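Every value quoted in this text rests on a predicted model; they were computed, and no experiment measured them.
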Amino acid sequence: MITQSQKKIYIIGSNPNDFFDLTIEAINILSKSNVIIFSKKFDSQYSKVFKKSNKKVFFEEDLAKSKKILFKVIHKLFEKYNSISHLIIGDPLLFFENNEETYFQQKKIPVEKILGIPEIILWINEKKIFLTNRNKNSSVSFFYPKTKNDCNKLGKIRDFEKLIIKVSTQSVLENIKKIFLKKLDQNLRYKIFSNAKELKLNSSLKLDKSISNVYIIFENVKL
């Protein structure tokens, strides 16, 4: 019997035109999921790759005609499966309306949103925030610290063009603050986002039910 605590849905941001834009984290999660759900709008590349796996694969359009019904159908699948990955077009942080996350949280199903890195870069470029010019091979570093030791590694970084940090726990956030807040007077440029909203990295920032993950973007840092 599958218990409630074993169930989980992953909402994975992606580029529908290119499977190989998926992050390593996303591919690892897809490989471990029992069920994969995505739209027929995705390139056929996705279907070809998933057919080679032993996963149960569903198209959104075959499951339901509306998002509201789709969520109910996906919830029904949890009677048989315990791990479901839902690929969405765009990024679950910056382009996600949060309806799906709210629905499954109300059903006591754990939700994890997986960063769609290509989309986040496109959004940054469109907003002209810390421009990333791929023609000039601008480098972007991505880091997901989970322990104090992981955070300490950040203190050893001396030079990077752009760094995107995902923070999911309050303890990690506090460690990040200790490392970076003291350096803000050194012209350290940064932006911090959660659920498509820009926040401030200050002593009062807390993770709670409304802010489960934050993403901090640093540019041209020389520590």
Side-chain angles (χ1 to χ4, degrees), residues 8-14 21-29 88 90-98 101-102 105 110-134 138-223:
K8 192 167 189 178
I9 183 166
Y10 297 92
I11 301 169
I12 303 175
S14 59
D21 264 353
L22 285 174
T23 64
I24 293 174
E25 180 183 17
I27 291 173
N28 285 339
I29 289 171
I88 65 169
D91 188 85
L93 165 67
L94 300 175
F95 297 97
F96 197 56
E97 294 181 354
N98 215 36
E101 181 181 22
T102 301
Q105 286 177 339
V111 178
E112 184 171 348
K113 295 183 289 184
I114 307 302
L115 179 65
I117 289 174
E119 292 294 332
I120 222 174
I121 293 175
L122 287 175
W123 187 87
I124 290 170
N125 286 337
E126 288 172 1
K127 297 294 182 180
K128 296 183 179 180
I129 302 172
F130 306 159
L131 289 178
T132 299
N133 188 338
R134 290 188 176 184
S138 296
S139 65
V140 182
S141 300
F142 301 93
F143 197 54
Y144 185 14
K146 298 182 180 181
T147 66
K148 185 175 181 179
N149 286 335
D150 288 342
C151 294
N152 289 337
K153 293 177 183 177
L154 286 170
K156 297 177 182 179
I157 297 174
R158 290 291 175 264
D159 192 355
F160 50 79
E161 291 183 53
K162 190 188 303 293
L163 174 66
I164 298 179
I165 304 173
K166 177 181 177 181
V167 180
S168 299
T169 66
Q170 188 63 37
S171 61
V172 168
L173 181 59
E174 293 304 321
N175 285 318
I176 296 293
K177 289 179 186 178
K178 289 178 182 178
I179 293 170
F180 287 112
L181 282 179
K182 295 178 182 178
K183 300 179 182 295
L184 294 184
D185 58 351
Q186 301 175 12
N187 296 319
L188 180 62
R189 297 177 61 195
Y190 78 96
K191 296 282 183 178
I192 180 166
F193 298 94
S194 181
N195 299 325
K197 295 181 179 179
E198 185 175 346
L199 307 173
K200 290 185 177 181
L201 182 62
N202 54 37
S203 57
S204 64
L205 180 62
K206 304 289 184 183
L207 295 181
D208 52 30
K209 292 182 179 180
S210 63
I211 304 176
S212 56
N213 296 307
V214 297
Y215 297 87
I216 310 170
I217 306 170
F218 296 97
E219 184 198 29
N220 294 330
V221 178
K222 298 183 184 297
L223 301 178

Heavy-atom closest pair, residues [X] and [Y]:
X    : Y    : answer
L22  : G13  : CD2-O, 4.1 Å
L205 : Q170 : O-NE2, 3.6 Å
K113 : K166 : O-NZ, 3.4 Å
C151 : N175 : SG-CB, 3.6 Å

Could you grab the distance from atom [atom1] of [X] to atom [atom2] of [Y], nearest 0.5 Å is fine?
X    : Y    : atom1 : atom2 : answer
I114 : N28  : CD1   : CG    : 10.0 Å
K178 : N152 : NZ    : CG    : 10.0 Å
S168 : L207 : OG    : CG    : 7.5 Å
L173 : K206 : CG    : NZ    : 8.0 Å
K8   : I29  : NZ    : CD1   : 7.5 Å
T23  : I12  : OG1   : CD1   : 7.5 Å

Heavy-atom check, side chain of I192 versus side chain of V167, under 4.5 Å: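 No, their side chains stay 4.5 Å or more apart.
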